[in-house]
Asks: 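Dropping the structure in here first, questions after.
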Amino acid sequence: MITAEQREQVRGWFTGRLPDDLFEELAEVTVDREEITVIGRIPGPRPVADASPAEREAAVEGRVQEFRERTRDDRIAVARDAEHRFGRKVSWGVECDGRRALFTHVAAPVMTRLRQPERQVLDTLIAGGVARSRSEALAWCVRLVQQHTDDWLTELRESLQHVQRVRAQGPDGEPPEDPAAAEG
């Protein structure tokens, strides 16, 4: 589990390392054990009078694709530095006119053992056309749980950070710095 301080350090590094003109704003930096996902806001296309919703959507898709192609070399250079520094893959995405698009992302395998009742749940999702495979059905279940328990998961993450701080203060952790020794 990554601490809030480590997450802030990663976000700060990207804030300082990204070219000034890459994004209008760095919208989000998400970190887990395998991946850092960087999402930035880019300007939307110029509005066209009387444009249909389909035309506006196509214009946003075109803007996102143009940004992706134009900035590829800059993003690769930053990703190489970050992957070396943080030991994680870097994935990219943008927000444009309220739409979020991910360019790349890591699909990390998760090994688990499921008993028949759990497998039946996944198989029902497949039979119902919600998912094409057990792997996809399991990912769908995780997203559903995340959607309905976000507050609970946030509280759990905060509790885990507290546990990490307490462990660090134990006999095997780093001793607190003595202010008198630092002056001498």
Side-chain angles (χ1 to χ4, degrees), residues 1-111 125 129-151 153-154 157-158 161:
M1 173 101 189
I2 187 167
T3 66
E5 182 179 345
Q6 290 168 326
R7 196 172 10 265
E8 290 168 3
Q9 289 172 348
V10 170
R11 183 179 175 90
W13 184 87
F14 275 94
T15 299
R17 176 59 178 86
L18 291 173
D20 289 336
D21 60 346
L22 187 66
F23 298 125
E24 285 184 323
E25 176 184 11
L26 184 59
E28 184 178 320
V29 176
T30 307
V31 183
D32 69 12
R33 288 186 294 183
E34 291 86 20
E35 176 180 31
I36 300 169
T37 303
V38 179
I39 309 285
R41 277 196 194 85
I42 63 171
R46 286 184 225 105
V48 176
D50 301 330
S52 69
E55 186 177 347
R56 283 194 297 276
E57 180 65 22
V60 169
E61 285 180 30
R63 176 57 52 94
V64 168
Q65 187 62 35
E66 182 276 333
F67 174 85
R68 182 178 186 183
E69 296 299 324
R70 177 175 44 84
T71 63
R72 179 171 276 123
D73 291 340
D74 286 339
R75 290 183 294 107
I76 288 172
V78 172
R80 281 189 185 132
D81 290 349
E83 288 169 6
H84 177 73
R85 180 179 179 102
F86 299 112
R88 294 170 172 86
K89 289 293 183 186
V90 176
S91 299
W92 298 94
V94 295
E95 286 182 358
C96 182
D97 276 359
R99 179 175 174 262
R100 182 172 279 202
L102 287 176
F103 303 152
T104 56
H105 50 86
V106 172
V110 177
M111 300 302 290
L125 293 171
V130 173
R132 294 182 302 242
S133 65
R134 284 182 173 172
S135 175
E136 195 174 289
L138 185 57
W140 185 89
C141 291
V142 169
R143 287 191 304 272
L144 183 66
V145 168
Q146 179 186 19
Q147 178 182 350
H148 292 291
T149 60
D150 206 30
D151 291 340
L153 289 172
T154 298
R157 286 183 191 109
E158 290 169 356
Q161 290 175 1

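Basis for what follows: all heavy atoms, side chains included, without hydrogens, waters or symmetry-related copies. We count residues from 1, following the sequence as given.
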Asks: Distance-only, no hydrogens or angles: does the Arg99 side chain make a donor-acceptor pair with backbone N or O of Glu57 under 3.5 Å?
Replies: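 No, Arg99 side chain to Glu57 backbone: no donor-acceptor pair under 3.5 Å.
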Asks: Can you see which heavy atom on Arg63 is nearest to which on Cys96, and at what distance?
Replies: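 Shortest heavy-atom separation between Arg63 and Cys96 comes out as CG-SG, 3.9 Å.
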Asks: Work out which heavy atom in Arg88 is nearest to a heavy atom in Val31; give both atom names and the distance.
Replies: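 In terms of heavy atoms, the two residues are closest at NE-CG1, 3.7 Å.
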Asks: Taking C-beta and beyond as the side chain, do Arg72 and Arg75 meet within less than 4.5 Å on heavy atoms?
Replies: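 SC-SC contact between Arg72 and Arg75 confirmed.
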Asks: Could you walk me through whether Val38 and Phe23 pass the side-chain contact (heavy atoms from CB on, under 4.5 Å) check?
Replies: CA-CA 11 Å; Val38 179; Phe23 298 125; 4.2 Å; yes
Asks: Mark yes when over 12 heavy atoms from residues, nucleotides or ligands other than Glu5 sit less than 6.0 Å from its CD; otherwise mark no.
Replies: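 No, not enclosed.
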Asks: Rounded to the nearest 0.5 Å, how far does CD1 of Ile39 lie from CG of Leu102?
Replies: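 It comes to 4.5 Å.
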Asks: Please examine the side chains of Asp81 and Phe14, heavy atoms only from C-beta on, and report whether any two atoms are closer than 4.5 Å.
Replies: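 Sidechains of Asp81 and Phe14: no contact.
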Asks: Just wondering, do Glu55 and Val48 contact through their side chains at under 4.5 Å, heavy atoms?
Replies: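 Val48 reaches Glu55 side chain to side chain.
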Asks: What I want to check is whether the side chains of Thr3 and Gln6 have a donor and an acceptor closer together than 3.5 Å.
Replies: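 Looking only at side-chain atoms, Gln6 and Thr3 do form a donor-acceptor pair, the distance falling under 3.5 Å.
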Asks: Among residues at least two apart in sequence or on other chains, which ones pass side-chain hydrogen bond (donor to acceptor under 3.5 Å, both in side chains) with Glu95?
Replies: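 Residues passing side-chain hydrogen bond (donor to acceptor under 3.5 Å, both in side chains) with Glu95: Arg41, Arg100.
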Asks: Using 0.5 Å steps for rounding, measure from the CG atom of Leu26 to the CZ atom of Arg11.
Replies: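 Rounded to the nearest 0.5 Å, the CG-CZ separation comes to 4.5 Å.
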Asks: Drop me the distance from Lys89's NZ to His105's NE2, to the nearest 0.5 angstrom.
Replies: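 One gets 15.0 Å once the value is rounded to the nearest 0.5 Å.
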Asks: Does Arg7 form a side-chain contact (heavy atoms from CB on, under 4.5 Å) with Gln161? I'd like the steps, not just the answer.
Replies: CA-CA 12 Å; Arg7 196 172 10 265; Gln161 290 175 1; 3.1 Å; yes
Asks: Do Ser91 and Thr30 have side-chain heavy atoms sitting under 4.5 Å apart?
Replies: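 No, their side chains stay 4.5 Å or more apart.
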Asks: Find the distance between CZ (Arg85) and CD1 (Ile36) and round it off to the nearest 0.5 Å.
Replies: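 The distance works out to 10.0 Å.
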Asks: For the pair Ser133 (side chain) and Glu136 (backbone), establish whether a donor and an acceptor sit closer than 3.5 Å, ignoring hydrogens and angles.
Replies: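 Such a contact is found between Ser133 side chain and Glu136 backbone.
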Asks: Might you confirm whether atom CZ of Arg80 has over 12 heavy atoms from other residues, nucleotides or ligands at distances under 6.0 Å?
Replies: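 No, because the 6.0 Å sphere around CZ of Arg80 holds 12 heavy atoms or fewer from other groups.
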Asks: Look at the side chain of Glu83 and the backbone N and O of Val90, then say whether any donor-acceptor pair between them is shorter than 3.5 Å.
Replies: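 Yes, because the side chain of Glu83 sits within donor-acceptor range (under 3.5 Å) of the backbone of Val90.
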Asks: Could you check Trp92 against Val78 for side-chain contact (heavy atoms from CB on, under 4.5 Å), going step by step and ending with a plain yes or no?
Replies: CA-CA 11 Å; Trp92 298 94; Val78 172; 3.9 Å; yes
Asks: Side chains of Val94 and Phe103: does their closest heavy-atom pair fall under 4.5 Å?
Replies: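 Yes, close enough: below the 4.5 Å cut-off.
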Asks: With a cut-off of 6.0 Å (strictly less than), are more than 12 heavy atoms of other residues, nucleotides or ligands near CG of Asp150?
Replies: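 Yes, CG of Asp150 has more than 12 neighbouring heavy atoms, counting only those of other groups under 6.0 Å.
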Asks: Using the side chain to side chain donor-acceptor pair (under 3.5 Å) definition, which of the options Arg68, Glu61, Glu69 pairs with Gln65?
Replies: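 Passing option: Glu69.
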Asks: Calculate, to the nearest 0.5 Å, the distance between atoms CG and CG belonging to Asp21 and Asp74 respectively.
Replies: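 Between atom CG of Asp21 and atom CG of Asp74 there are 7.5 Å.
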